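Because the structure is predicted, anything quoted here is derived from the model rather than measured.
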Protein chains: 2
Amino acid sequence: MTPGAEKADWTAIRRDLLGRIQSGAWRPGDAIPREVELAEQYHCTRSTVGRALRDLATAGFLERRRKGGTTVSANPVRKAPLEVPIIADAIRRSGHEPAYRLLETGWLPPPPGVGDLGGLDPDAALIFLSALHLADAAPHQLEQRWLNPAAVKGLRQSDYATAPVDEWLLNNAPLTSATIDIAAVPAPATVASALNMTTGAPTLRITRISWKQTLLIGILHLYHVDGFSLKTAI
Amino acid sequence: MTPGAEKADWTAIRRDLLGRIQSGAWRPGDAIPREVELAEQYHCTRSTVGRALRDLATAGFLERRRKGGTTVSANPVRKAPLEVPIIADAIRRSGHEPAYRLLETGWLPPPPGVGDLGGLDPDAALIFLSALHLADAAPHQLEQRWLNPAAVKGLRQSDYATAPVDEWLLNNAPLTSATIDIAAVPAPATVASALNMTTGAPTLRITRISWKQTLLIGILHLYHVDGFSLKTAI
DNA sequence: TAGTGGTCTAGACCACAAA
DNA sequence: TTGTGGTCTAGACCACTAG
């Protein structure tokens, strides 16, 4: 799309601008034309080029400042959209048949090393459950969960005996905020045996701590089978 | 912000709508009012509520379909913005003093297990370099890089002897696309000794494969010191 | 202070998918 | 077929900030 030709469409403009960046015509640190100029070049309004520019800016390719203008990012590779694999849905989308097996339930204090718990007593007993997620009958993830009873009133064991507790949570404590932490850790013995690994072997652990405002909902540990990796693209 | 009061502002509308979702007033699967109705409630135009709705949709809270209307996501916890820690910049932003030490250079074939290389001969010799990134004089990341000589013509060893090769790449092969892969692997002996770990101990490995269109630029392995974790929030 | 991006309006037409 | 979101326009005013 040569500027000056064709009809405006913010995705086309976005593509064209990105092409100029990736081809090196505009280099990191360069200032690019003002919105009004681009609008003239593309025969459209400022709103339309603005949409394309804003999109490239949130994607990290451009930096914009009032009065300072728009420049090509000097440090572009920063944010990647990570699709955190939350259980069954992720398995199903990868083309495998998911299954769920509840392994253990009880009451336990929160695991060590998870940081701030929003004022919760670190020795307080939380609802604990551990469950295995399988893909095509092979172990895939081991889930360990600590739930704050004050935040999940009404939850019964039958709610997670045969199906992941996510379904109950979704309907009863929906759409909370969360922090996510990804680390490589040696597999504890219980984890290793459930996932057919050797104790101490590297496993990818995703920790998710969920909140409803300042109230802790729960802590989730997901341990992944050997060979699993998170994939994304930028 | 009660709908019907105050002045419109798409961020305020976004906050208000998100509040209705997170409070449970609108539950997963629910249909929410049409744009025209919301525009009336908030005393603004359809464009403005549209901006708020679009933003919540890209964040994963809403799903929108022409004619089908807008519904609250039934499976909200999906995408998290992952800030991939690419070297010095990340260290500096975390408040530490970065340093760089080139360990080894030479020619090597690409590492196994990285999948498609865009037609590159899997035995072809690539420019190889390995370097250590330190934070406050302590090892932080070990970088191993394979660069396609056809994609980095003009690169000399002096370009990465004392500073990360990223700086040269940024100016000479800028703003490529990339795939990212995050895995827990046992530390190879060379990695372990550089990072003061024991061989075979779990280490978080980030693999980034960079492309310029279909041309492979290079492969990057980042091995992280024990105790490191990626953090994000949703 | 002046110039740039950020936002909002009021209206129009279009594209897609549900009924 | 028809209702919904998706987009574009032409214009205006505002907010931030570089000079």
Side-chain angles (χ1 to χ4, degrees), chain A residues 1-18 20-21 26 28-76, chain B residues 1-18 20-21 26 28-76:
Chain A
M1 177 177 171
T2 315
E6 321 230 356
K7 188 68 182 66
D9 166 0
W10 77 269
T11 59
I13 296 175
R14 192 203 125 108
R15 253 194 314 280
D16 192 58
L17 296 171
L18 184 56
R20 298 207 218 178
I21 295 170
W26 289 337
D30 283 0
I32 76 171
R34 309 189 312 274
E35 285 194 350
V36 273
E37 291 183 29
L38 290 172
E40 282 177 17
Q41 293 181 21
Y42 289 113
H43 298 302
C44 66
T45 55
R46 194 163 75 88
S47 323
T48 304
V49 293
R51 175 81 185 267
L53 290 167
R54 186 202 318 150
D55 201 70
L56 289 170
T58 58
F61 291 103
L62 295 176
E63 287 173 11
R64 315 195 73 195
R65 242 172 270 178
R66 284 163 162 152
K67 171 76 178 182
T70 302
T71 55
V72 178
S73 252
N75 210 338
Chain B
M1 178 178 170
T2 315
E6 321 231 356
K7 187 68 182 65
D9 167 359
W10 78 270
T11 59
I13 296 176
R14 191 203 126 109
R15 254 194 314 280
D16 192 58
L17 295 171
L18 184 56
R20 297 208 218 177
I21 296 171
W26 290 337
D30 283 359
I32 77 170
R34 309 188 311 277
E35 286 195 351
V36 272
E37 291 183 31
L38 291 173
E40 282 176 17
Q41 292 181 21
Y42 289 112
H43 299 302
C44 66
T45 55
R46 194 161 74 88
S47 324
T48 304
V49 292
R51 174 82 184 268
L53 291 168
R54 187 201 317 149
D55 202 70
L56 289 170
T58 58
F61 291 103
L62 295 176
E63 287 173 10
R64 315 195 72 194
R65 245 172 269 179
R66 284 163 160 147
K67 171 78 177 178
T70 302
T71 56
V72 179
S73 269
N75 209 338

Those residues that, when tested against Arg15(B), pass side chain to side chain contact (heavy atoms under 4.5 Å, CB included) (two or more places apart): Thr11(B), Ala12(B)

Can you tell me the distance, in whole Å, between the CZ atom of Arg51(A) and the C1' atom of dG6(C)? 14 Å

Requiring both pairing distances under 3.5 angstrom, list the stems that contain DNA chain D and are made of three or more consecutive Watson-Crick or G-U pairs. C:1-18 with D:1-18

Whole angstrom is fine here: how far is it from CG in Leu56(B) over to P in dG6(D)? 12 Å

State, to 0.1 Å, how close Cys44(A) and Val49(A) come at their nearest heavy-atom pair, and which atoms those are. SG-CG1, 3.6 Å

Please give, in whole Å, the distance from dT7(D) P to Arg64(B) CZ? 10 Å

Sorted by first residue and then second, give each salt bridge (Lys or Arg N to Asp or Glu O under 4.0 Å) pair with at least one member in residues 42-54 of chain A; sequence neighbours left out. Glu35(A)-Arg46(A)

Could you pull out all residues at least two apart from Ala31(A) that satisfy side chain to side chain contact (heavy atoms under 4.5 Å, CB included)? Thr71(A)

Can you name the nearest heavy-atom pair linking Trp10(A) to Thr48(A), along with the distance? CB-O, 3.9 Å

Return the minimal non-hydrogen interatomic distance between Val72(B) and Leu62(B), and the atom names on each side. CA-CD2, 4.0 Å

Whole-Å distance, Ile32(B) CD1 to dT4(D) C1', equals 13 Å

Quick check on dG5(C): is either OP1 or OP2 less than 4.0 Å from any side-chain nitrogen or oxygen of Arg54(A)? no

Kindly give the heavy-atom pair with the smallest separation between Pro28(A) and Ser73(A), and that separation in Å. CB-O, 3.5 Å

Just jot down the side chain to side chain contact (heavy atoms under 4.5 Å, CB included) partners of Arg34(B), sequence neighbours excluded, or say none. Val36(B), Glu37(B)

Length of the line joining Trp10(B):CH2 and dT9(C):P, which is rounded to integer Å: 14 Å

Would you say Thr48(B) reaches dT7(C)'s phosphate, i.e. side-chain N/O to OP1/OP2 under 4.0 Å? no

To the nearest Å, give me how far apart CD (Glu35(B)) and C1' (dA15(C)) are. 14 Å

Produce a footprint string for nucleotides 10-19 of chain D: one letter per nucleotide, 5' end first; B if the base is under 4.0 Å from any protein heavy atom, S if only the sugar-phosphate is, - if neither. B-B--BBBB-

Whole-Å gap separating P (dG6(C)) and CG (Asp55(B)): 14 Å

Report yes or no: does Thr70(A) contribute a side-chain atom to a donor-acceptor pair with the main-chain N or O of Arg64(A) at less than 3.5 Å? no

Could you give the CD-to-P distance, from Glu37(A) to dG3(C), as a whole number of Å? 13 Å

